[in-house]
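Both ligands and their constituent atoms are indexed starting at 1 by order of listing.
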Amino acid sequence: MNANGGRIGRHLISIDDLDRAGIERILDRAESFAEVSGREIKKVPALRGRTVVNLFYEASTRTSSSFELAAKRLSADVVSIRSAGSSVDKGESLKDTVQTLSAYDPAAIVIRSPHAGAAQLVAGWTEASVVNAGDGKHEHPTQALLDVFTLRRRLGSLDGANIWIVGDVLHSRVARSNILAFTRMGAIVTVAGPPTLIPRDIEALGCDSSATLDRLEAADVVYVLRMQQERMRESFVPSLREYAARYQINPARLSRRQLLMHPGPVNRGVELSAEAIDSPQAMIGEQVKAGVAVRMAVLYELLVGSPILAAVA
Ligand code: ASP
């Protein structure tokens with residue numbers, strides 16, 4: 001954890017890079033950027049003349065589009081590269097790609113990779129600030145920040161909130177980042193799902209675990225995870241039907257006072273029923289909307305907000 005009174009370091013690789021004050025600082029900054037996003041001209045000049053590179057080596061809709069919009073709304077020059085159609089397809093290594101792009105002197109590189117630890121590696125190869133936009137099963141810190149932002153707006157504070165994270169925790173970088181962020185903000189977190197999809201040592205992150213949904217009614221917030229079939233090399237559940245029968249969140253399992261979240265993309269009818277997705281307690285749209293303001297705040301804090309840079313700005 002950092003100990004610099006809420007100042008963010010040069011990179012954002014893990015929620016562990018932030019203490020509670022650091023998270024709150026980003027959320028407060030995001031509130032002011034949310035106001036900018038409500039204006040007709042949704043732009044501020046904060047990163048004018050600076051370059052942000054988005055490097056996405058894995059499928060993404062929400063994260064890649066919101067990082068791109070965030071950098072553009074801060075007036076940065078933006079280069080977005082996806083593995084399909086780039087030289088990555090021709091066998092160029094991640095290190096060579098990063099070094100090639102460094103020739104443009106980017107202020108920040110945003111990286112999404114199927115490999116845990118990729119963002120940390122990139123940070124060692126470039127002068128730019130690196131933002132982890134999801135690295136394999138490891139972490140997805142900006143997802144956690146936008147989820148905390150969304151919940152803080154709705155609840156006022158996460159202190160004492162009872163949050164259940166349900167589903168495929170084993171393959172989920174969102175689960176890891178969110179357990180860290182929610183607990184740091186004072187929430188009480190329980191993860192639940194089939195024992196084959198709950199890592200054995202998960203309690204070390206500061207949460208409780210449950211193999212059933214019997215106590216789900218205690219939750220104020222039910223945070224549902226996608227079944228990440230692309231990361232499953234063996235069969236972790238007998239069938240998706242069987243999984244849905246025991247763990248799907250639907251109106252029968254969800255009470256009206258509970259809030260419902262999901263990072264997307266949703267497997268409709270598997271981890272969530274159609275009725276639950278479309279219910280008034282679902283906050284999925286608000287989560288997506290928060291993505292732009294929160295990612296603007298992260299880029300701003302990394303590139304402008306540090307005491308040294310602010311002094312010369
Ligand atoms: N979009 C999130 C991620 O990239 C969650 C998911 O894919 O299930 O990790």
Inset, instruction - Would you please say whether a donor-acceptor pair under 3.5 Å links the side chains of Ser80 and Glu68? - result: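 Present: a donor and an acceptor within the cut-off.
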
Inset, instruction - Would you check if there is a donor-acceptor pair between the side chains of His262 and Glu271 at a distance under 3.5 Å? - result: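 Looking only at side-chain atoms, His262 and Glu271 do form a donor-acceptor pair, the distance falling under 3.5 Å.
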
Atoms of ligand 1 close to [X] [distance to a heavy atom under 4.0 angstrom, numbered from 1]:
X	answer
Val174	2 (C), 5 (C), 9 (O)
His140	3 (C), 4 (O), 9 (O)
Arg112	4 (O)
Gln228	6 (C), 8 (O)

Inset, instruction - Could you pull out all residues at least two apart from Thr212 that satisfy side chain to side chain donor-acceptor pair (under 3.5 Å)? - result: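 With neighbours one apart ignored, the set is Asp214.
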
Inset, instruction - Please check if atom CZ in Arg39 has more than 12 non-hydrogen atoms from other residues, nucleotides or ligands closer than 6.0 Å. - result: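 More than 12 within 6.0 Å, yes.
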
Give me the residue, atom name and distance of the protein heavy atom closest to [atom].
atom	answer
atom 8 (O) of ligand 1	Arg226 NE, 2.7 Å
atom 2 (C) of ligand 1	Gly264 O, 3.6 Å
atom 4 (O) of ligand 1	Arg173 NH2, 2.8 Å

Legend entry - ligand 1 contact by Ser60, heavy-atom criterion under 4.0 angstrom: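 Contact check Ser60 vs ligand 1: negative.
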
Legend entry - Stacked cation flag Arg295 on Phe67, 6.0 angstrom / 45 deg: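 Yes - Arg295 lies over the ring of Phe67, closer than 6.0 Å to its centre and within 45° of its axis.
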
Inset, instruction - Quick one: look at Gln143 and ligand 1, take heavy-atom pairs under 4.0 Å, and tell me if it's side chain, backbone, both or neither. - result: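 No part of Gln143 is near ligand 1 at this cut-off.
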
Inset, instruction - Before accepting this row, confirm whether a basic side-chain N of the pair Arg176/Asp135 lies closer than 4.0 Å to the acidic partner's carboxylate O. - result: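 Salt bridge flag = no for Asp135 with Arg176.
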
Inset, instruction - List the steps and the verdict of side chain to side chain contact (heavy atoms under 4.5 Å, CB included) for Leu18 and Leu145. - result: CA-CA 10 Å; Leu18 299 167; Leu145 291 171; 4.0 Å; yes

